[in-house]
Amino acid sequence: MSGEEMAHYLSKKVQRDAEREKAGYGKRAIAARKNAEKLGGGKDFRLVSAIDATTFLRHEIQSPGSMSDSEYRRDFAKANPETVIGS
């Protein structure tokens, strides 16, 4: 398999995996938020969002380092208000 063929194959695979992950996103997002709200915060920290691991990893795979970028996370929260604690 050539490099170009491999890139095409991997691109299609990531796209299919993302579509499958997005299909169950709503239920996972709500469950993650409810569990996080039960935990609450603490004296030294405050929960601001809850993102399920599958969604977090999908974003990191598609755009490495994205979830560490505060601007990306802010945009993610605006597009996905169900992840914001206290909204």
Side-chain angles (χ1 to χ4, degrees):
M1 186 179 287
S2 72
E4 188 174 310
E5 290 171 326
M6 179 58 82
H8 179 72
Y9 167 77
L10 290 174
S11 173
K12 289 292 184 186
K13 181 176 180 353
V14 168
Q15 185 178 10
R16 283 191 309 270
D17 290 348
E19 289 168 1
R20 192 169 39 252
E21 183 273 328
K22 288 177 184 179
Y25 169 74
K27 289 180 184 177
R28 287 192 318 275
I30 291 168
R33 180 177 169 176
K34 285 181 180 180
N35 287 332
E37 287 174 335
K38 286 179 190 175
L39 292 173
K43 183 175 119 181
D44 299 323
F45 70 94
R46 179 175 62 92
L47 293 174
V48 294
S49 68
I51 303 167
D52 67 280
T54 304
T55 300
F56 183 92
L57 290 173
R58 178 177 55 85
H59 282 266
E60 280 296 314
I61 289 168
Q62 289 181 327
S63 303
S66 60
M67 297 307 264
S68 298
D69 178 10
S70 59
E71 187 174 335
Y72 186 90
R73 291 283 302 264
R74 199 170 23 256
D75 292 343
F76 179 86
K78 285 179 186 175
N80 300 278
E82 63 278 3
T83 65
V84 179
I85 304 295
S87 67

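The analysis underlying the following values was restricted to heavy atoms, covering all of them including side chains, and did not include hydrogens, waters or symmetry mates. Note that the structure is predicted; figures quoted are calculated from it, not measured.
- R33 has its side chain out of reach of T83: every pair of non-hydrogen atoms, C-beta onward, lies at least 4.5 Å apart.
- When hydrophobic clusters are built by joining Ile, Leu, Val, Met, Phe, Trp and Tyr residues whose side-chain heavy atoms come closer than 4.5 Å, directly or via intermediates, I61 is not grouped with L10.
- One distance of note links CE of M6 with OG of S11; it measures 13.0 Å at 0.5 Å rounding.
- Taking NZ from K38 and NZ from K34, the interatomic distance works out to 8.5 Å, rounded to the nearest 0.5 Å.
- L47 and A36 get closest at one heavy-atom pair: CD1-O, 3.1 Å.
- Hydrophobic cluster membership differs between L57 and V14, with clusters built from Ile, Leu, Val, Met, Phe, Trp and Tyr side chains linked at under 4.5 angstrom.
- By the neighbour-count criterion of 12 heavy atoms within 6.0 Å, atom OH of Y9 is sparsely surrounded, having that number or fewer from other residues, nucleotides or ligands.
- Applying the ring-ring contact (aromatic ring centres under 6.0 Å, His included) criterion to Y25, with sequence neighbours excluded, gives no partner residue.
- How far NE2 of H8 is from CE of M1: 10.0 Å, rounded to the nearest 0.5 Å.
- Here the shortest heavy-atom pairing between H59 and S66 reads O-OG, 3.2 Å.
- Counting heavy atoms from C-beta outward, M67 and I51 have side chains that approach closer than 4.5 Å.
- Within the structure, every pair that satisfies the salt bridge (Lys or Arg N to Asp or Glu O under 4.0 Å) test and touches residues 2-15, not counting sequence neighbours, is listed here: K13-D17.
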